Peer 1: 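Structure below; questions to follow.
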Protein chains: 2
Amino acid sequence: MYKNVSLSDQIFERLEEDILFGVYPKGEILTELKLSESLGVSRTPVREALKMLEQEHLIEDCGKGMMVLGITLEDAMNIYEIRKRIEGLAAARCAVTATDEQLQEIKETVELQEFYVSRGDSEKIKEQDTLFHELIYKYSGSAVFYDTLIPLHRKIQKFRKTSMEQKSKADQSLAEHKRIIEALLSRDPFKAEAAMDEHAEHAQFRLADTFNVETGKDH
Amino acid sequence: MYKNVSLSDQIFERLEEDILFGVYPKGEILTELKLSESLGVSRTPVREALKMLEQEHLIEDCGKGMMVLGITLEDAMNIYEIRKRIEGLAAARCAVTATDEQLQEIKETVELQEFYVSRGDSEKIKEQDTLFHELIYKYSGSAVFYDTLIPLHRKIQKFRKTSMEQKSKADQSLAEHKRIIEALLSRDPFKAEAAMDEHAEHAQFRLADTFNVETGKDH
DNA sequence: ACGTGAATACTTGTATACAATTATACAAGT
DNA sequence: ACTTGTATAATTGTATACAAGTATTCACGT
């Protein structure tokens, strides 16, 4: 399920990160030829990587190459609106369907996150946060949750990392993860759903606070 | 935003439909060479089509080719669980952000749907149903909703079509679409959200009834 | 100065060739 | 009968060649 060994995949991951972290700013135009030359490979794997980025809606064909779209703060807020509504469900399913070993795997990410929070390493915190959520999607018992939530969660990694640079926010996030893993370990889908819903809600607040956005209501 | 002209895209659409409708049953193995020969094209576009199908999780690399996964009834039920939670939000946004022309475009699909319901043409009903929902995603004001909901809605088209073969269910669905477009035209996000949420809920019931599934609760 | 049109360069889509990996079949030894 | 090793076949990953379409440039006429 998770092999990223081919050149195409490597290039995809690299470009995805570069786009999400602004190395290639919005509006920049990427062409197969230039990328293949700068990366020292042929057009074929570059082309496949661009196809994947296009499917993720991070770039767009603009006639003279692929234009970088990237992720706006507004996109991120909308992603949280969606996550608030379905991550709890995924967590509830996970509480019921995951094996004990899988729950231990999730627990491990919380412990590592605690370690990195004590060190103030926001990059590593973000990594464990990513793993925590992705494992819950993975063990939710249906690929539908995984496939739907993974791209959303991946796309906001830059914003998540920035939030984690504030100690108080990193502490809050960790505390919420602890409540979630506790609910999962006690096999309580209701508690897991509630804890995850609250986590998503708070994470959105933290994002809004970090970037001084009006949280507001949807309508 | 919507150009599907290249061979890759044509092959993708054809294979996607064939997989979703069971022409290629679950477990069947597709190889680039065989497909390229049977379609009379080179491996390159076939390869790209397979990459897209893999990203949509409809096929999976199994070492000796790509194995067809397809969509199970359980997947479809999970997709409805997700749609129930976020389609209402998309509709609410649409009520606020869509232009009058765009709303007319949506209304048009309801009128065509009514025509096809009177004829009992389930294929055409499904097509207009698809268009109705996809336009709402599209005019929801954020690509995030579109990108998230489109693959989910596409994947269950076979189940939607089967449901629409029963006159009573087609009538119900049409009536619900009418309520939604009415709310959209009155620019009422709350009514639009409520009407869409109810529609998704009922559509799930109709699916469950059609295939004799326990609707149950999530947990 | 401005529009028009042709030539040019750029970019992608597709086909094909080749290399490398992996699966398969089959034979030999225990 | 079962494993092991080897040869063979199948399959994909990557590079490259070529064609077609599209944008750009620049010269020319007005």
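Chain naming here is simple, since letters A, B, ... match the order of the sequence lines and numbering starts at 1 in each. What you see is a predicted model, and the numbers here were worked out from it, not measured in a lab.
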Peer 1: Which part of the nucleic acid, if any, lies within reach of Thr44(A) when heavy atoms closer than 4.0 Å are counted: base, sugar-phosphate only, or nothing?
Peer 2: base

Peer 1: Do the ring planes of His177(A) and Phe132(A) sit parallel (below 30°), tilted (30 to 60°) or perpendicular (above 60°)?
Peer 2: parallel

Peer 1: Tell me: CD1 of Ile29(B) to P of dT22(C), nearest whole Å?
Peer 2: 17 Å

Peer 1: Rounding to an integer number of Å, can you tell me how far Glu54(A) CD sits from dG13(C) C1'?
Peer 2: 13 Å

Peer 1: Would you mind reading off the distance between Lys34(A) atom NZ and dA9(C) atom P, rounded to a whole angstrom?
Peer 2: 16 Å

Peer 1: I want to verify a distance call: between dT11(C), dT12(D), dT16(C), whose nearest atom is closest to the Thr31(A) side chain?
Peer 2: dT11(C)

Peer 1: Would you tell me if any nitrogen or oxygen in the side chain of Arg47(B) comes within less than 4.0 Å of OP1 or OP2 on dG13(D)?
Peer 2: yes

Peer 1: Return the value, rounded to whole Å, for the distance between atom CD1 of Ile11(B) and atom P of dA15(C).
Peer 2: 8 Å

Peer 1: Rounded to whole angstroms, how far apart are CD on Glu37(B) and C1' on dA15(C)?
Peer 2: 14 Å

Peer 1: If I take atom CD from residue Gln102(B) and atom NZ from residue Lys138(B), how far apart are they, to the nearest 0.5 angstrom?
Peer 2: 8.0 Å

Peer 1: Using the side-chain heavy atoms of Lys64(B), tell me which of these nucleotides is nearest: dC18(C), dA15(C), dT24(C).
Peer 2: dT24(C)

Peer 1: Suppose we screen for ring-ring contact (aromatic ring centres under 6.0 Å, His included). Which residues come up paired with Phe159(B), at least two apart in sequence or across chains?
Peer 2: Phe211(B)

Peer 1: Could you check how far CD of Glu32(A) sits from C1' of dG13(C), rounded to whole Å?
Peer 2: 9 Å

Peer 1: Side chains of Tyr146(A) and Glu134(A): is there a donor and an acceptor less than 3.5 Å apart?
Peer 2: no

Peer 1: Rounded to whole angstroms, how far apart are CG on Asp9(B) and C1' on dG13(C)?
Peer 2: 11 Å

Peer 1: Taking atom types as modelled, find out whether Ser36(A) and Ser42(A) have a side-chain donor-acceptor pair closer than 3.5 angstrom.
Peer 2: no

Peer 1: Side chain of Leu7(A) only, please: which of dT11(D), dT14(D), dT16(D) is the nearest?
Peer 2: dT14(D)

Peer 1: Let me spell it out: for each of Arg43(B) and Glu48(B), pick the nucleotide of DNA chain C with the closest heavy atom. Which residue's pick is nearer the 5' end?
Peer 2: Glu48(B)

Peer 1: For Ser8(B) and dT14(C), is the shortest distance between a side-chain N/O and OP1 or OP2 below 4.0 Å?
Peer 2: yes

Peer 1: So which atom in His199(A) and which in Ser173(A) form the shortest heavy-atom distance, rounded to 0.1 Å?
Peer 2: CE1-OG, 3.7 Å

Peer 1: Can you confirm whether the side chains of Glu123(A) and Tyr116(A) place a donor and an acceptor under 3.5 Å from each other?
Peer 2: no

Peer 1: Nearest whole Å is fine: how far is dG21(D) P from Asp61(A) CG?
Peer 2: 16 Å

Peer 1: Go ahead and write out DNA chain C as dot-bracket, 5' to 3': ( ) for pairs within the strand, [ ] for ones crossing earlier pairs, | when the partner sits on another strand, dots for unpaired; Watson-Crick or G-U wobble, both distances under 3.5 Å.
Peer 2: ||||||||||||||||||||||||||||||

